[in-house]
Each structure stands twice: as structure tokens, then as C-alpha cells.
Amino acid sequence: MDSHRKLKILIVDDSLLNLRIIAAAIERNGYETVLASRVDQVFQYISKETPDLILLDVIMPQMNGYEVCKLLKNDNKTKDIPIIFITTQAGISDIAKGFEVGAVDYINKPFHELELISRVKNHLQLKELHDQLRKSNEELQKTNTELIKANETIQYNKIQQEFFTNLSHELKTPLNLIFSTVQLMESNMKNKLILSNEQAKRYGKSLKQNSYRMLRLVNNLIDITKMDSGYFQLNLQNYNIVSIVEDITLSVANYIENHHINLIFDTTVEEKIIAVDADAIERIMLNLLSNAVKFTKQGNLIIIKIYDLGESIAISVKDTGIGIPRDKLRVIFDRFRQVDKTLTRNHEGSGIGLSIVKALVEMHNGEITVKSEYGTGSEFIIKLPVRVLEKEDHEIQTDHYSDKDSYIASISVEFSDIYSIS
Ligand code: ADP
């Protein structure tokens with residue numbers, strides 16, 4: 001409140017004599033007054049200016065003081081102005097009614113000047129304190145929002161920092177392994193040692209698997225960059241989604257079963273033609289399947305199920321693996337996020353896979369959700385809308401992996417975190 005400004009009191013009373021008496025007392029004590037003998041004058045004035053306090057008569061011809069008070073309290077602009085009733089009929093129920101409609105006090109007519117001024121002064125002071133408190137509260141809230149933002153930036157920087165540390169580990173580990181295998185081969189050659197078939201196979205395997213691992217990471221990084229710059233385009237064609245998913249599952253069945261994990265494929269529908277990008281679906285499925293293997297112990301189970309939901313097709317990838325803690329469920333689709341560093345270190349991974357899966361599903365106008373119980377297992381469910389490309393040149397594609405070699409290579413790439421490639 002501006003300390004040099006004279007505080008303004010609006011006095012409302014239908015008796016001009018009363019108005020004058022009250023105004024004289026108020027002005028004598030250093031306040032400015034505005035007088036209203038009719039209710040319409042009150043609202044006219046209020047629409048332009050805001051008084052610091054209102055002294056309000058109860059009985060008036062147009063509208064009684066309680067009604068006026070109610071209207072003022074319901075308006076955001078005027079709800080905080082303290083209102084004191086000036087009344088001749090201050091029975092208990094009148095006083096209670098006054099407080100109920102939002103008044104801060106009441107004064108009986110005829111009034112004593114000293115009492116009137118003390119009450120006015122008190123409520124003006126209270127109002128000032130209230131305003132100060134609200135202001136500090138607003139400032140506190142602003143600071144709080146800024147702090148939350150700063151904290152989010154710190155968190156994001158921390159995640160990025162972790163990602164780069166992780167990324168360099170991810171890139172260096174396979175590279176070091178490739179390097180040391182080559183060094184070993186060189187030293188064997190130098191010493192004219194002849195490699196046994198078994199040794200040569202082992203070296204070749206290591207070189208291949210680690211190259212695939214690097215390729216996977218590089219592919220993921222390139223795709224993320226493409227997605228961020230809006231450069232990633234889907235090649236939509238009409239396919240039988242059931243056979244795509246079934247073929248992908250079958251193609252990794254050996255890998256999975258060699259790992260002593262049981263794999264079940266089940267579907268409630270034999271054929272459903274929808275427009276998808278077959279490579280993207282392959283990428284999504286291989287990613288989810290490789291995660292299912294990574295986080296599932298030997299002897300456990302992975303179930304792939306397809307449900308026809310009419311408007312959409314649901315594909316579920318369920319495992320009986322380690323599961324995901326409830327508080328981590330919402331972050332696993334975020335880029336660079338891994339649930340447990342120590343745990344994921346036993347397997348490899350950079351925390352990009354699921355963020356790419358989510359982006360690819362959403363590019364199909366679909367959605368991905370996860371249900372998981374820590375220690376029991378996880379289920380990832382993808383829902384893809386059932387829509388087809390209508391044009392003639394969009395006939396149904398039957399062969400979604402015309403280039404078999406590159407298909408096998410993608411499996412090897414996506415599973416490179418887990419498997420020795422044979
Ligand atoms: P990563 O390359 O680390 O596997 P993802 O983005 O594919 O990255 O997965 C992110 C994290 O989500 C994983 O590190 C793991 O902690 C958790 N996660 C994903 N799938 C599963 C699953 N089937 N079971 C348990 N945890 C999982």
C-alpha cells in the first residue's frame with residue numbers, strides 16, 4: 001500500500017444526513033471518502049475504482065446491504081475489500097448474517113466516532129497485512145516454480161551427463177573387444193601360431209557380435225537425430241499385421257530358446273490388414289523381444305499375443321522376468337533412462353531402445369503402455385489403429401522381408417546386447 005496515498009473509504013447509506021455525519025468523522029481522521037446514497041452508485045463507482053474499505057448500511061430501498069455485500073464478495077475484483085456494516089438492527093442473527101455474507105465487522109447506529117475510527121483503522125491494517133502476506137506468498141510461489149524449473153534443468157543435465165558417460169562406455173566396450181581380438185590375432189600371426197578352427201570361430205564371433213552392438217547404437221543415435229529433426233518418415237503399406245508379428249517372433253524363436261527361455265505365440269485373429277511400416281514394426285518387436293530376453297532369467301517365459309479390438313489391434317509382449325519397480329514405470333520410455341544401472345550393466349544397453357519404440361508406435365498413431373510388477377514380470381502392450389491405405393496402388397503386401405539377409409542382420413543387431421551371434 002502506498003503510504004503517501006490517502007486511504008479511500010466508500011460510505012453507503014440511503015440517508016444523506018447519515019452519510020454526511022459518517023463522512024465528517026472519517027475525514028477528520030485523515031481518510032478520503034466517497035459517498036453513495038444508492039446501490040447503483042456503489043456499482044458504478046466500483047466498476048472504475050477500488051476503495052480500501054466499505055462502510056455499508058444494511059437497510060436500503062433498492063437492495064439490502066447483505067445482498068450488496070454478497071455481490072461484492074462474489075466478484076474477484078472486489079472480494080478482498082473489507083466491508084463493515086453500519087446497522088441499527090444488530091440482533092445476534094443480523095450480526096451472524098453479516099459475517100456469513102462476508103463482512104469483517106459491524107457498527108451500531110448511532111455510533112461513537114472513536115469506536116468507528118478504531119474499527120476502520122484495525123481492518124485497514126489487517127487488510128494491509130493480508131495483502132503483504134498474499135504478495136509474499138505469490139513471490140514464494142514464483143520462487144518455488146523457478147526452483148522446480150532449475151531442479152528439472154539440473155536433473156536433465158544429470159541425465160544427459162549420465163547418458164554421455166554411458167554412451168562412451170557403450171561405444172568403447174565393443175570397440176575395445178574388437179581391438180583386443182584383432183591384437184590377439186595379430187600376435188598369433190606374428191608368432192606364426194596356427195589358429196584352430198575353434199579359435200578362429202571364437203574370434204570371428206566376437207568381432208561380429210561387437211560390430212553389431214556398435215551398429216545398433218549408431219543406428220539408434222542416427223534415428224533419434226532423424227526423429228528430432230522431423231526427418232524420419234514411415235513407409236506405410238497395407239500388411240497383414242498378424243503374419244508380420246508372427247514371422248518376427250518365429251525368426252527369433254531359436255535365439256530365445258537357445259537362451260533356455262520358453263516362447264509362446266498366440267493370436268485371437270488370423271488376418272488383419274492395416275497400414276504399417278514393416279521395418280518399424282520389426283524394429284519395435286525386436287526391441288521389445290530383446291528387452292524381454294535381457295530381463296528374464298533362464299527357464300522363464302515370454303508370451304506374444306495379438307488381440308483384435310475392432311478399432312485397433314493390440315500386440316502384447318509379456319515376460320516373467322525381473323519386472324520394473326512401480327516408481328520407474330513412467331520413466332522407462334524417456335530417452336537415456338534405465339531402471340537400474342548396476343543391473344543393466346550385466347546386460348548392455350543405452351536406454352534409447354524404448355524411446356525409439358514409443359516414437360515409432362506414435363508415428364503410427366498408436367500407443368504403447370506397460371504393466372509390470374517388480375519381481376514378477378512385465379507386459380508391454382502396443383495398440384495400433386486399424387486403418388488401411390485405400391488407393392489402388394496400395395495393394396496388400398505379403399512379403400515384408402524381401403531382403404532376407406538384411407532381415408537376419410537386423411535380428412543380430414537388435415539382439416547384439418544379449419547374444420553371441422553364431
Ligand atoms: P536399454 O538399451 O537399456 O535396454 P531401453 O530403452 O530398451 O534401453 O529400456 C530402458 C530400461 O527399461 C531398461 O534399461 C530396463 O531397466 C527397463 N526395461 C525395459 N524392458 C524391460 C523388461 N521387459 N523387463 C524389465 N525391465 C525392462
Side-chain angles (χ1 to χ4, degrees), residues 159-160 162-174 209-210 212-224 227-228 248-249 252 255-256 259 261-264 280 282-305 315-362 368-382 410-419:
I159 291 167
Q160 266 200 335
E162 272 173 19
F163 170 69
F164 285 120
T165 316
N166 201 11
L167 189 65
S168 84
H169 167 92
E170 290 300 309
L171 281 167
K172 279 181 186 161
T173 309
Q209 175 172 17
N210 287 299
Y212 279 135
R213 265 172 69 185
M214 287 202 63
L215 190 61
R216 178 175 194 243
L217 191 62
V218 171
N219 281 348
N220 280 347
L221 288 173
I222 291 173
D223 286 346
I224 272 195
M227 283 170 182
D228 282 353
I248 295 170
T249 311
V252 292
Y255 279 113
I256 294 178
H259 210 71
I261 293 170
N262 297 311
L263 180 68
I264 294 176
E282 175 193 304
R283 191 82 181 281
I284 293 167
M285 288 307 298
L286 289 179
N287 234 305
L288 294 181
L289 282 163
S290 76
N291 273 346
V293 178
K294 253 198 249 181
F295 300 105
T296 300
K297 283 199 212 100
Q298 294 196 350
N300 278 9
L301 185 63
I302 297 175
I303 307 167
I304 315 300
K305 258 192 181 173
I315 305 162
S316 144
V317 179
K318 193 172 176 179
D319 63 61
T320 54
I322 61 168
I324 303 165
R326 192 183 291 259
D327 62 321
K328 293 288 175 4
L329 276 178
R330 86 202 141 76
V331 302
I332 56 162
F333 293 107
D334 291 353
R335 207 177 279 180
F336 320 141
R337 286 298 189 98
Q338 292 171 314
V339 169
D340 178 351
K341 283 257 160 299
T342 52
L343 187 104
T344 44
R345 277 285 169 246
N346 294 338
H347 320 266
E348 295 301 329
S350 54
I352 321 182
L354 281 180
S355 73
I356 291 184
V357 166
K358 185 167 188 271
L360 289 174
V361 170
E362 284 171 358
I368 179 161
T369 48
V370 57
K371 290 186 216 162
S372 187
E373 208 169 304
Y374 196 45
T376 307
S378 311
E379 181 180 14
F380 287 83
I381 300 166
I382 297 162
S410 10
I411 298 171
S412 308
V413 169
E414 291 301 337
F415 276 66
S416 56
D417 285 350
I418 321 159
Y419 268 66

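One-based numbering, in listed order, for ligands and for the atoms of each. If you're wondering where the values come from, they're calculated on a predicted model, not measured in any experiment. All values below come from the heavy atoms of this structure, side chains included, with hydrogens, waters and symmetry mates left out.
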Interfacing atoms of ligand 1 (cut-off 4.0 Å, heavy-atom, K294): 1 (P), 2 (O), 4 (O)
How many angstroms lie between atom OG of S378 and atom NZ of K318, to the nearest 0.5 angstrom? 10.5 Å
Under 3.5 Å between some N or O of ligand 1 and some N or O of G323? no
Check: T320 side chain, L301 main-chain N or O, donor-acceptor pair, under 3.5 Å: yes
Kindly confirm or rule out an N or O of N291 lying under 3.5 angstrom from an N or O of ligand 1. yes
Is G321 close enough to touch ligand 1? Criterion: a residue heavy atom under 4.0 Å from a ligand atom. no
Numbered atoms of ligand 1 (with element) below 4.0 Å of I352, judged on heavy atoms: 6 (O), 8 (O)
Side-chain donor/acceptor of D319 to backbone N/O of I302, under 3.5 Å: no
Closest to atom 22 (C) of ligand 1 among F333, Y374, F295 (heavy-atom distance): F295
For ligand 1 and D319, I'd like to know whether there is a polar contact (N/O to N/O, distance under 3.5 Å). yes
Run the side-chain hydrogen bond (donor to acceptor under 3.5 Å, both in side chains) test against N262 and tell me which residues pass, sequence neighbours left out. none
L354 versus F333, closest heavy-atom pair with distance: O-CD2, 3.8 Å
Does any N/O atom on S355 come nearer than 3.5 Å to any N/O atom on ligand 1? no
Can you tell which of L289, I264, L288 makes a side chain to side chain contact (heavy atoms under 4.5 Å, CB included) with I304? L289
Close-contact set for ligand 1 against S378 heavy atoms, below 4.0 Å: 22 (C), 24 (N), 25 (C)
Do any N or O atoms from the side chain of S290 and from the backbone of N287 form a donor-acceptor pair under 3.5 angstrom? yes
Answer with side chain, backbone, both or neither: which part of I324 has a heavy atom less than 4.0 angstrom from an atom of ligand 1? side chain
